[in-house]
Amino acid sequence: MSTELDKGYEPHDVEKRWYEFWQKEGLFAAKDQSEQKAYSIVIPPPNVTGVLHMGHALNNTLQDILCRYRRLKGDNVLWMPGTDHAGIATQNVVERQLASEGTDRHQLGREKFIERVWEWRKDSGGKIIHQLKSMGASCDWDRERFTMDEGLSKAVRKVFVQLYEDGLIYRGNYIINWCPRCHTALADLEVEHEEKDSHLWYVRYPFPDGSSGITIATTRPETMLGDTAVAVNPEDERYQNLPAEEVLLPLLNKRIPIIRDSYVDMSFGTGGLKVTPAHDPNDFEIGKRHNLPSVKAIGDDGKMTAEAGKYEGMDRFECRKAVLKDLEEQGLLVKTEDLKHSVGHCYRCHTVIEPNLSLQWFVKAKPLADKALAAVKDGRTKIIPEMWKNTYYEWLENIRDWCISRQIWWGHQIPAWTCEDCREMIVAMDDPVSCPKCGSTKLLQETDVLDTWFSSALWPFSTMGWPEETRLLKTFYPTSALVTGFDILFFWVARMMMMGLHFMKDVPFRDVYVHALVRDEDGQKMSKSKGNVIDPLLVIDNYGTDAFRFTLAAFAAQGRDVKMSEKRVEGYRHFINKLWNAARFSLMHLEQSCPEIKGELSLPDQWILSRLARVTQSVEKQLDAYYFNDAASGLYQFVWHEFCDWYLEAAKPALYGQSGEEAQESSRAVLWRVLRDSLILLHPFIPFVTEEIWHKLPGTRGSVMRAVYPSGDGETAGIAPDAESEARMETVMGVITGVRNIRGEMNIRPSMSLDARVQSPDEAVRALIEKEKELISDLARLKSLTVETPGEKPPSSATAILDKSLIFVPLEGIIDFEKEAARLEKELVKLEKEISGLSKKLNNEDFLAKAPDDVVAKVKEKHSGLSEKHLKIRSNLEKIQQAKTA
RNA sequence: GGGCGGAUAGCUCAGUUGGGAGAGCAUCGGCCUUACAAGCCGAGGGUCACAGGUUCAAGCCCUGUUCCGCCUACCA
């Protein structure tokens with residue numbers, strides 16, 4: 001294989017090639033059983049109807065980083081992929097398809113319709129899986145699951161039956177959230193509330209004799225057609241001695257009772273409340289307390305029922321207008337006020353929700369929630385960042401029963417049958433043939449299906465083969481981590497906790513890492529209607545997957561939203577390219593050999609190995625704690641500013657053989673080592689480019705995914721942080737920077753070689769600079785460098801100060817005295833500010849007495865250092881000013 | 001109504017034990033220096049939202065205020 005690299009990195013064919021390679025080599029595969037440490041993550045299953053958006057991109061990048069990192073560390077990693085059947089959403093998609101063909105599901109029939117959905121799924125469902133692959137996701141694809149698969153359906157059924165037998169599932173008539181468009185009940189969570197400008201209408205319900213009556217206030221006048229009472233607070237003095245105990249319901253001219261209930265807020269409106277038990281949860285409760293009949297005036301299709309009299313068949317919003325118009329004409333509309341109130345919408349189709357009385361199935365949530373609550377409180381499951389714990393507690397502590405039945409066709413049909421003869425309810429694992437009570441064979445299966453979230457609540461164990469006792473479960477349950485957005489903390493995470501604890505007797509995951517939302521660059525939520533959506537696939541096309549992934553990781557700080565803009569991705573593409581070119585340069589010097597580090601190392605060699613050891617340690621620490629951004633930016637800093645900017649430049653003479661063969665050998669060895677380790681460290685973040693370079697790097701075999709993860713602890717790795725080399729290198733870099741600074745400020749072209757003199761009272765420093773003379777001269781572009789004890793300042797020279805040393809650059813004929821004076825003055829001002837701050841501390845007796853000794857010593861040292869520096873600069877400035885006037 | 005988060009350089013944000021205010025981008029100046037102009041070298045830029053408090057010491061801890069964002073709620 002050629003070791004030549006192209007001048008710029010071209011991601012597209014590289015990505016495709018390596019992804020296929022990884023799959024072919026089975027590098028994503030988990031072992032059912034292994035000596036290795038187990039690490040597992042189940043993917044938050046995207047909707048089978050879904051297309052990849054920024055949220056998925058972030059979510060899966062983070063999971064992939066964790067999984068690739070753990071694999072490199074030698075763990076047996078299972079990343080379980082799959083999709084969710086998304087009952088309502090999928091049914092909607094196929095129904096739209098039918099509509100375009102001029103038919104609908106009722107014409108087709110249930111069985112045929114389900115077939116159609118499966119067909120749709122085969123053809124176009126699961127598109128998102130391919131898109132995840134283009135993100136580089138290293139899921140164990142051979143294990144891909146779907147919530148409607150046979151195995152998972154069995155798990156669903158088992159759970160339903162057992163919960164029913166445990167008394168945790170019941171059926172009953174309650175007010176639920178009804179979506180008239182999707183034609184199904186929804187859980188409370190599935191209703192999205194939005195503040196809307198609306199009105200509060202005051203309507204007079206006259207007494208039977210037509211006299212004054214009671215005026216009520218309502219935001220939904222159409223529901224009055226289902227009113228069965230008017231309520232007032234028993235304490236309300238305005239309604240103490242009424243001439244009648246009934247009023248006439250306008251428009252329908254029906255007598256309804258006046259009831260007294262303390263629920264009524266006397267301060268709201270007129271203190272009169274219309275009661276519609278069939279269309280309002282509160283009214284339903286009041287109705288129960290007072291034995292009121294429930295009248296359903298709005299049907300399941302959102303149109304008025306026969307109970308609505310002449311309004312029958314009218315759409316509910318049309319009816320509102322008609323009712324208001326009629327009331328107005330009859331003089332019963334007393335007044336209209338503006339009112340902001342929140343209106344519930346269907347989270348799937350955004351239709352206004354209708355609270356509706358209906359026979360549904362519910363999960364009794366409290367007993368399950370208590371366990372889920374305890375597991376986080378006692379730390380069996382950790383939520384990261386911690387602030388989400390409160391949100392989790394808050395919800396579980398106030399949980400209400402969960403409506404799980406949906407009046408759609410696509411989903412797990414509820415395994416319940418009613419005997420037509422004796423009305424016995426049968427809930428069973430196997431379809432019953434006859435009624436166990438009366439023996440009748442006339443059994444009718446419940447037509448409702450279960451909420452999709454019911455099946456996804458089982459995901460961590462149903463995907464691993466439960467209810468069978470599989471080896472997979474034994475190896476990987478509880479999973480190590482769950483990575484998810486906070487928007488499904490309740491929908492999914494809390495419910496998985498409840499189900500996992502109930503059925504597996506253990507939490508479903510050790511850690512829950514909750515990441516933020518991806519927003520646009522102005523912090524707005526991305527949405528199609530706003531037109532600010534950035535398509536991840538387009539980003540990948542334009543910048544490459546690695547650049548995109550690195551951007552996501554670098555911005556994924558805990559507890560803060562990720563603001564995404566293409567410009568940022570572009571910035572990180574530059575980083576990928578930088579790495580690419582560093583590799584290109586390195587490979588020119590590495591040729592075929594895979595050298596071993598031996599012999600005496602140069603200072604830059606020692607330094608870069610120490611820095612490598614540090615970044616290795618810190619990346620490990622950061623990833624273990626889910627500080628993705630810190631890990632990413634630490635690597636960025638190391639690769640670009642330490643490896644490329646300093647090490648490669650410093651190592652050039654040695655690499656080009658200008659310092660002898662031995663130096664060339666050892667610098668090659670160090671270069672190889674640093675590049676190799678960097679590739680491994682970077683691989684979880686940017687898998688493609690690292691794999692590509694890995695294969696060009698001599699001395700590597702197979703995939704970088706099979707590499708041994710480096711460690712920076714010296715013991716096992718041979719490299720360790722080395723504070724002394726770092727300090728020495730810092731001094732050297734300080735001298736170089738000092739000269740460069742003078743160059744920059746004096747506008748001296750880089751092509752001009754300079755002389756420099758360093759004066760230092762410190763013998764060790766003089767020796768160091770003397771020893772590294774060549775390196776310094778090279779990087780600072782000096783033609784001579786003299787090292788001496790402090791003495792006379794060379795005439796017409798610019799000065800830089802490094803600790804106790806002075807760096808002079810003689811600029812005979814070049815120096816601009818004005819400029820140099822200004823430069824020094826600026827430096828003085830800066831120093832004075834710092835010194836005065838430190839003096840203030842040192843003059844404070846309390847500080848000296850109470851602060852820890854090491855802090856005091858540090859401040860003292862700093863103060864004296866800066867004071868000395870100040871003195872030197874001032875004397876130089878004086879000389880410059882003399883020279884200026886001379 | 002309840003709760004949570006945020007306010008730090010022009011922009012986007014780090015700042016995980018209270019002791020140095022930092023990065024990237026943008027800006028300005030200089031460079032085609034044999035990996036990279038998608039680059040290199042250098043520079044400027046801050047009342048850490050506001051007001052108090054604790055402390056020898058506060059971006060960080062406490063109290064209050066303002067403004068943004070989000071979640072939650074049976075507000076007719």
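The sequence lines fix the lettering, A, B, ..., with proteins before strands; numbering per chain opens at 1. Atom set for the values below is all heavy atoms of this structure, side chains included, hydrogens, waters and symmetry mates excluded.
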What's the closest nucleotide to the [X] side chain, out of [options]?
X	options	value
A/Tyr636	B/rG39, B/rC71, B/rG24	B/rG24
A/Met387	B/rC4, B/rC56, B/rA43	B/rC4
A/Ser342	B/rG44, B/rC75, B/rA35	B/rC75
A/Cys644	B/rA35, B/rU12, B/rG24	B/rA35

- What residues, two or more places apart in sequence or in another chain, satisfy ring pair (Phe, Tyr, Trp, His ring centres under 6.0 Å) together with A/Phe585? A/His589

- Query: Is the A/Tyr347 to A/Phe491 ring centre distance short of 6.0 Å?
  - Reply: yes

Please list, one pair per line, the donor and acceptor atoms closer than 3.5 Å that link side chains of residues 630-639 of chain A to other protein atoms, with sequence neighbours excluded.
residue: A/Ser633; atom: OG; partner: A/Asn629; partner atom: O; Å: 2.7

Identify the pairs formed between an N or O of the protein and an N or O of nucleotides 19-22 of chain B at a distance under 3.5 Å, and give each distance.
residue: B/rG20; atom: O2'; partner: A/Lys862; partner atom: NZ; Å: 3.3

- ring-ring contact (aromatic ring centres under 6.0 Å, His included) pairs, two or more places apart, involving residues 260-280 of chain A: none

- Message: Using heavy-atom distances to pick each residue's nearest nucleotide on RNA chain B, tell me which of A/Trp388 and A/Lys830 is more 5'.
- Response: A/Trp388

- Task: Please tell me which of A/Gly571 and A/Thr737 maps to the more 5' nucleotide of RNA chain B, matching each residue to the nucleotide holding its nearest heavy atom.
- Result: A/Gly571

- Message: With a 4.5 Å cut-off on side-chain heavy atoms, are A/Asn233 and A/Asp265 touching?
- Response: no

Would you say a side-chain N or O of [X] is under 4.0 Å from OP1 or OP2 of [N]?
X	N	result
A/Arg743	B/rC41	no
A/Tyr656	B/rA35	yes
A/Asn398	B/rU72	no

- With distance as the sole criterion, do the side chain of A/Glu649 and the base of B/rA35 form a donor-acceptor contact below 3.5 Å? yes

- NE2 of A/His199 versus C1' of B/rA76: gap in Å, rounded? 15 Å

- Donor on one side chain, acceptor on other, A/Lys274 and A/Thr276, under 3.5 Å: yes

- Query: Reading RNA chain B 5' to 3', how would its secondary structure be written in dot-bracket notation, given Watson-Crick and G-U pairs with both distances under 3.5 Å, brackets [ ] for crossing pairs and | for partners on other strands?
  - Reply: (((((((..((((.....[..)))).(((((.......))))).....(((((..]....))))))))))))....

- Message: Between A/Arg823 (side chain only) and A/Thr799 (backbone N and O only), is there a donor and an acceptor less than 3.5 Å apart?
- Response: yes

- What integer number of Å spans the P atoms of B/rU63 and B/rU54? 15 Å

Could I get a table of every N or O pair under 3.5 Å where one atom is in the protein and the other is in nucleotides 15-17 of chain B?
residue: B/rU16; atom: O2; partner: A/Tyr627; partner atom: OH; Å: 3.4
residue: B/rU16; atom: O4; partner: A/Asp630; partner atom: OD2; Å: 3.2

